[in-house]
Amino acid sequence: MTSLAKTYEPKGVEKEISKLWESAGAFRADAFSEKPAFTISMPPPNATGQLHVGHAVMLVLEDILIRWHRMNGYEALWLPGTDHAAIATENVVLQQIKEQEGITDPRSVLGRDEILKRIADYVKNSQGTIRSQVKAMGSSCDWSRERYTMDHQLNRCVNEAFLRMYKDNLIYRGPRIVNWDPHLKTNVSDDEVERKSTKSPFYTFQYGPFQIGTVRPETKFGDKYVVMHPDDKRYSKHKHGDTFECEWINGMVTATIIKDNVVDPKFGTGVMTITPWHDHVDFGIAERNGLDKEPVIDFEGKLLPIANEFAGMGIEEARPKIVEKLQKKGLLVDTDSKYTHSKSFNSRGGGAIEPQIREQWFIDVNKPAVTWKDRKISLKEILIDVVRSGNIKLVPERFNSTYFHWVENLQDWCISRQIWWGHRIPVYYNGNDTRVSLKKPEPFKGWEQDPDTLDTWFSSALWTWSTLIDPELAKDYSLSLEDVLERSPDFQKFHPTDIMETGYDILFFWVARMILMTTYMLHAVPFKTVYLHGLIRTREGKKMSKSDPKSVIDPLDSIKKFGADALRIALVSGTGPGQDLRLYPEKMESSRRFTNKIWNAGRYILMTIPDGTSITAPITVNSELAKWLLHGLNDLIKDTQSRLESHRLSDVADNLKSFFWGDFCDWYLEMDKSPNRTNENDQVLAFAFTTLIKMLHLYVPFVTEALWKEFKQPKMLAFSEWPKTLPYQFKASYERIEVIKESISQIRTLREKANIGLEIKISATLYSKANASIFKEHQNLIIRLARLKELNIKEKESDPLNKLFGTYFHETYASIDATFVDWKKEIETLQKKFKSESSFVEKSKKKLKHPGFISKAPEKIVKELKKKIIDTEKKLNAIRQQIIDFKELSN
RNA sequence: AGGCGCGUAGCUCAGUGGGAGAGCACUACCUCGACACGGUAGGGGUCGGCGGUUCAAUCCCGCCCGUGCCUACCA
């Protein structure tokens with residue numbers, strides 16, 4: 001008895017089930033539970049608006065893992081939240097103000113407080129949007145613990161970290177070359193710089209006795225050092241420190257010769273002049289050799305007075321004019337207009353990077369100042385140690401080498417930003433007095449806080465644990481951070497987290513920095529396993545990009561069209577950890593049909609079984625068909641468990657889908673539709689179906705929860721117990737039914753070939769010494785599913801005199817009465833088959849004669865091959881006879 | 001320039017040292033007690049190329065070609 005709709009309607013069901021989960025206070029983890037903890041910190045999406053498909057895949061993978069552990073007896077906590085994404089968020093809001101209010105420089109017009117208020121309002125709004133999008137995906141996270149990287153307790157952790165590092169001399173302030181973005185007027189970290197292949201003219205100029213190459217003539221005003229490789233024989237007569245006079249852009253300059261290994265003798269002329277203030281490499285040379293550094297370009301990207309008549313010009317404007325001037329002076333030697341190099345841009349929505357030297361705050365990654373495993377080592381060394389020693393495992397493992405390579409080349413981390421939105425640097429100045437503290441100095445009069453804010457990744461690096469401290473305790477500054485941690489039940493129960501699941505594209509930005517900060521602050525790892533997923537791509541394998549809206553798949557839009565369950569399946573199928581995934585509508589459509597199939601199977605079962613049918617496994621099983629099903633189901637349970645353990649989420653989805661659709665629906669449900677069904681049949685149906693939807697629940701939580709509801713169980717499916725393997729084994733029955741299935745398929749094929757539609761009932765005969773008793777036992781089943789009038793079963797080989805249309809399989813000859821057969825085609829098919837089978841036998845016999853094979857191949861393989869040869873020879877005999885018969889029949 | 005992936009049916013992808021797989025698409029048939037968003041059956045592949053290891057290679061190794069990504073101190 002059921003009133004379920006004929007077609008699965010995701011929209012209504014998802015709404016209803018969401019409410020059900022929410023009203024039950026579902027998914028709220030209990031810090032005082034006896035169960036072992038399983039924790040995932042959700043990577044916080046930027047609080048700038050919309051969830052994209054990359055978030056969707058993250059949500060699905062994490063939800064699968066969380067639901068699985070929850071059902072498997074763990075106290076599962078999945079903690080959600082959002083990130084303040086400093087640069088991106090501030091940029092978005094400033095742009096809005098510019099466009100909507102026509103204010104060209106909002107920061108100077110509105111002031112710091114007003115801007116911060118505007119951003120905060122904007123963030124509130126977009127957090128709400130994100131929250132509802134996360135829910136729409138079916139994510140079973142704990143909203144009572146939602147966090148934001150700007151929460152007060154997180155701010156305390158940020159300040160604690162800064163203070164401690166400052167005291168350990170790991171944080172220092174100094175003039176260093178940084179990636180300056182003149183457009184957004186802030187610097188960004190090395191990782192936030194995006195390099196794009198760009199075509200720029202490459203000029204060669206005469207500089208005294210040398211020829212030097214550059215793409216940036218506008219930086220060359222102050223150049224007074226020529227650098228070459230110490231081993232470059234062409235320039236061996238010039239000595240390090242030699243000076244000479246030469247004509248340059250604005251008159252004569254005195255130049256000094258510098259030898260440095262960084263110069264590549266094979267590049268250009270092997271000689272270059274340097275501009276330490278505006279280039280990372282040049283800065284390095286200047287530092288090593290103690291050379292002067294001089295600014296040429298200001299923070300707006302305009303030339304300084306050193307450029308004389310070019311002062312005040314923008315770079316793009318000045319460049320051709322400078323080249324022209326040099327050309328007029330006869331100093332331009334060559335212009336290569338086809339030259340391509342990779343140019344730096346601000347990946348956080350800004351423009352071209354113009355390196356500058358600035359006073360910035362840095363974290364020293366090389367100083368051995370951290371106690372880790374009873375040794376004092378550097379942050380860099382910790383980063384390497386935790387992965388190398390296996391404290392943290394990367395999945396897939398191949399990212400280890402990428403990770404090590406990145407860490408080994410890591411430079412000091414520049415953590416200050418010249419923007420307003422973010423955690424303000426906890427450093428205070430009063431004249432010459434500098435103070436670093438958790439709270440503002442009191443009284444504050446005369447003090448001024450450092451205007452800069454911290455890199456967003458500084459705060460998100462603390463995410464796994466700063467989110468678990470008790471917000472109330474964090475307000476009490478009489479308690480040390482250690483006290484707070486010790487008294488926070490969530491931290492005690494749920495940290496370290498179990499799996500960090502995120503895209504491989506932020507391995508460095510975020511994952512590595514979490515490891516760095518957490519090992520430093522807590523002497524513990526933030527997580528045990530890092531599962532990295534790939535990028536979602538278009539059908540053509542292209543990146544989905546905002547600049548090409550047609551290429552972008554919006555998860556909410558897909559949920560509307562196909563349902564959340566369908567989107568979920570599509571996002572995990574056909575991919576593995578670290579592997580990119582192509583997503584397109586057909587994929588989601590086929591997943592949608594699967595959800596509909598589940599729905600209809602459930603609908604049928606609910607229509608068939610009486611109310612109150614037990615959903616537990618029957619203690620004893622009589623029906624051989626049920627034995628076949630339960631045997632397969634048992635294998636599936638085992639297989640699912642082991643594959644989930646090895647993170648093969650896509651395989652699990654495939655296997656569940658194929659068992660459900662093929663074995664369960666196409667075969668078992670059809671076989672079970674017998675006129676004399678028993679109570680046992682009902683129970684098996686209920687048990688097998690509910691077991692299957694328990695496992696499927698990880699992938700398609702909505703449709704399965706909705707169907708489960710109809711079984712009127714005390715607990716929701718999300719909280720029910722994960723299937724255990726069954727206490728019985730039915731291997732023999734399983735194989736017997738496989739023979740029956742094969743016989744049905746074979747007879748169906750014969751009808752098809754004889755052009756006899758399923759509407760016409762015919763007679764068939766099965767000849768077999770080996771299987772006659774099995775056939776007799778299931779005679780009615782074969783008659784029903786092969787749509788027969790009658791079935792004759794003969795316990796003997798087929799009679800060569802009795803020529804019939806038929807086929808050979810499993811030591812059985814199946815035949816039907818048929819006249820309208822395309823004999824010629826059938827004979828051709830048989831001949832083709834004969835050829836390939838006999839070549840197999842030939843090949844195998846040759847193999848058997850090879851002495852190496854007998855002596856070296858495992859016994860099992862040899863035995864199997866021998867058996868295969870015997871079987872295939874039997875088949876060949878049958879085919880040979882068939883060809884003769886068919887030839888006769890065709891006349 | 002270096003590193004890492006990928007190359008298997010028309011498309012998207014599994015796969016294993018022992019006779020090539022799934023889904024979609026395609027063809028034919030079917031209103032058979034849930035589902036036509038379904039069922040039944042079928043066609044389709046020198047597993048990128050060339051060498052090597054092995055009794056045996058789509059799988060392991062080397063080189064090459066194509067393709068994607070990441071890193072770099074590309075003046």
Side-chain angles (χ1 to χ4, degrees), chain A residues 2 4 6-8 195 197 202 212-216 227 261-264 267-275 279-282 284-285 339-343 396 398-399 401-402 405-406 409 504-505 507-508 534-535 537 539 541-543 573-576 578-584 586-587 589-608 650-651 654 657-658 665-666 669-670 673 675 744-745 748-753 755-759 784-785 787 836-837 839-840 843-844 847 850-858 860-862 864-865 868 872:
Chain A
T2 180
L4 296 182
K6 199 169 157 184
T7 306
Y8 175 54
R195 284 164 181 281
S197 191
F202 183 83
I212 56 130
T214 185
V215 286
R216 305 208 53 192
V227 191
N261 289 324
V262 90
V263 178
D264 176 5
F267 190 95
T269 58
V271 183
M272 63 182 189
T273 63
I274 58 166
T275 315
D279 186 281
H280 287 84
V281 184
D282 297 1
I285 296 171
Y339 181 72
T340 49
H341 63 139
S342 62
K343 204 174 156 183
R398 69 183 146 86
F399 280 98
S401 55
T402 327
H405 181 257
W406 179 84
N409 291 295
Y504 63 69
D505 50 331
L507 177 61
F508 307 138
L535 257 51
R537 296 175 173 281
R539 189 202 311 267
K542 297 233 171 65
K543 253 186 182 169
S573 307
T575 181
Q579 196 111 22
D580 292 352
L581 172 86
R582 299 185 189 204
L583 186 69
Y584 41 90
E586 289 91 319
K587 220 175 225 175
E589 172 60 18
S590 101
S591 306
R592 190 189 67 79
R593 291 184 188 211
F594 179 50
T595 59
N596 189 55
K597 187 76 181 177
I598 299 172
W599 180 261
N600 269 292
R603 178 169 175 256
Y604 166 71
I605 288 162
L606 289 161
M607 283 163 69
T608 306
S650 172
D651 289 0
D654 283 352
K657 185 174 170 182
S658 119
C665 292
D666 291 345
L669 290 185
E670 295 309 319
K673 282 175 185 169
I744 294 166
S745 291
R748 284 170 177 168
T749 309
L750 290 173
R751 317 175 56 114
E752 191 89 19
K753 289 184 168 166
N755 289 308
I756 304 166
L758 286 169
E759 74 284 5
R784 188 156 54 83
L785 292 190
R787 311 234 82 205
S836 76
E837 295 287 356
S839 89
F840 171 69
K843 220 170 65 190
S844 305
K847 230 179 186 177
H850 198 292
F853 180 72
I854 300 293
S855 60
K856 291 188 181 166
K860 197 179 146 218
I861 296 292
V862 178
E864 271 172 18
L865 191 71
K868 273 184 203 164
T872 311

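Numbered from 1 within each chain, the chains take letters A, B, ... in sequence-line order. This one's a predicted model, so the numbers in the text were calculated from it and none came from an experiment.
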Colleague: Just the rounded figure in Å: distance from P of B/rU12 to CD of A/Gln579.
Modeller: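 In whole Å, B/rU12 P and A/Gln579 CD are 14 Å from each other.
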Colleague: Mind checking the C1' distance from B/rG43 to B/rA25? Whole angstroms is fine.
Modeller: 13 Å
Colleague: Closest to the A/Asp651 side chain: B/rA14, B/rA34, B/rG39?
Modeller: B/rA14
Colleague: Looking only at side-chain atoms of A/Thr872, point me to the closest of B/rA34, B/rG19, B/rA75.
Modeller: B/rG19
Colleague: Under 4.0 Å: is that the gap between some side-chain N or O of A/Ser745 and OP1 or OP2 of B/rA41?
Modeller: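 Result: yes.
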Colleague: The side chain of A/Ser590 is closest to which nucleotide in this list: B/rA14, B/rG23, B/rG5?
Modeller: B/rG23
Colleague: Between A/Ser590 and A/Lys657, what is the shortest heavy-atom contact and its length?
Modeller: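 Shortest heavy-atom separation between A/Ser590 and A/Lys657 comes out as OG-NZ, 4.0 Å.
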Colleague: Base, sugar-phosphate alone, or nothing: which one does A/Arg751 contact when heavy atoms must sit under 4.0 Å apart?
Modeller: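 Here A/Arg751 touches no strand at all.
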Colleague: Compare the minimum distances between each of B/rU40, B/rA75, B/rG18 and the side chain of A/Lys868, then state the nucleotide with the smallest one.
Modeller: B/rG18
Colleague: Any strand counts, and the cut-off is 3.5 Å on both contacts for Watson-Crick or G-U wobble. Which nucleotide pairs with B/rA20?
Modeller: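 Check on B/rA20: unpaired, no WC or wobble geometry under 3.5 Å.
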Colleague: Using purine N1 to pyrimidine N3 plus N6-O4 or O6-N4 for Watson-Crick, or N1-O2 and O6-N3 for G-U wobble, each under 3.5 Å, what pairs with B/rA72?
Modeller: none
Colleague: Under a 3.5 Å limit for both distances, which nucleotide forms a Watson-Crick or G-U wobble pair with B/rG33, could you say?
Modeller: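 None - no nucleotide pairs with B/rG33, as no candidate has both distances under 3.5 Å.
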Colleague: Reckon A/Thr749 touches a base, only the sugar-phosphate, or nothing at all at heavy-atom distances under 4.0 Å?
Modeller: sugar-phosphate
Colleague: Identify whether any heavy atom of A/Lys543 sits under 4.0 Å from a base atom; if not, whether one sits that close to sugar-phosphate; answer base, sugar-phosphate or nothing.
Modeller: sugar-phosphate
Colleague: Heavy atoms from C-beta onward define the side chain here; which of B/rA34, B/rC70, B/rC55 lies closest to that of A/Phe508?
Modeller: B/rC70
Colleague: Checking base pairs now: Watson-Crick or wobble, both atom distances under 3.5 Å. What partners B/rG66?
Modeller: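 Pairing partner, where one exists within any strand: B/rC6.
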Colleague: May I ask you to say what A/Arg582 touches in the nucleic acid, namely base, sugar-phosphate or nothing, with a heavy-atom cut-off under 4.0 Å?
Modeller: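 Touches sugar-phosphate only.
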Colleague: Using the P atom as the reference point in each nucleotide, state the distance between B/rG68 and B/rC59 in Å, no decimals.
Modeller: 25 Å
Colleague: Taking the side chain of A/Phe840 as its heavy atoms from C-beta onward, which of B/rG19, B/rG33, B/rC69 lies nearest to it?
Modeller: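 Of B/rG19, B/rG33, B/rC69, B/rG19 is nearest to the side chain of A/Phe840.
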Colleague: Would one find a side-chain N or O of A/Arg216 under 4.0 angstrom from OP1 or OP2 of B/rA75?
Modeller: no
Colleague: Starting the side chain at C-beta, find the nucleotide from B/rA28, B/rG19, B/rG39 nearest to A/Glu752.
Modeller: B/rA28
Colleague: Could you tell me the Watson-Crick or G-U partner of B/rU54, where both distances fall under 3.5 Å? Say none if there is no partner.
Modeller: none
Colleague: Just call it for A/Pro858: base, sugar-phosphate, or nothing, with non-hydrogen atoms closer than 4.0 Å on any strand.
Modeller: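 If one applies the 4.0 Å heavy-atom cut-off, A/Pro858 turns out to touch a base.
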Colleague: Look through every strand shown and name the nucleotide pairing with B/rA14 as Watson-Crick or G-U wobble, where both distances are under 3.5 Å.
Modeller: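 B/rA14 is unpaired by these criteria.
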Colleague: Hey, is the side chain of A/Lys597 pairing donor to acceptor with the base of B/rC35 inside 3.5 Å?
Modeller: yes
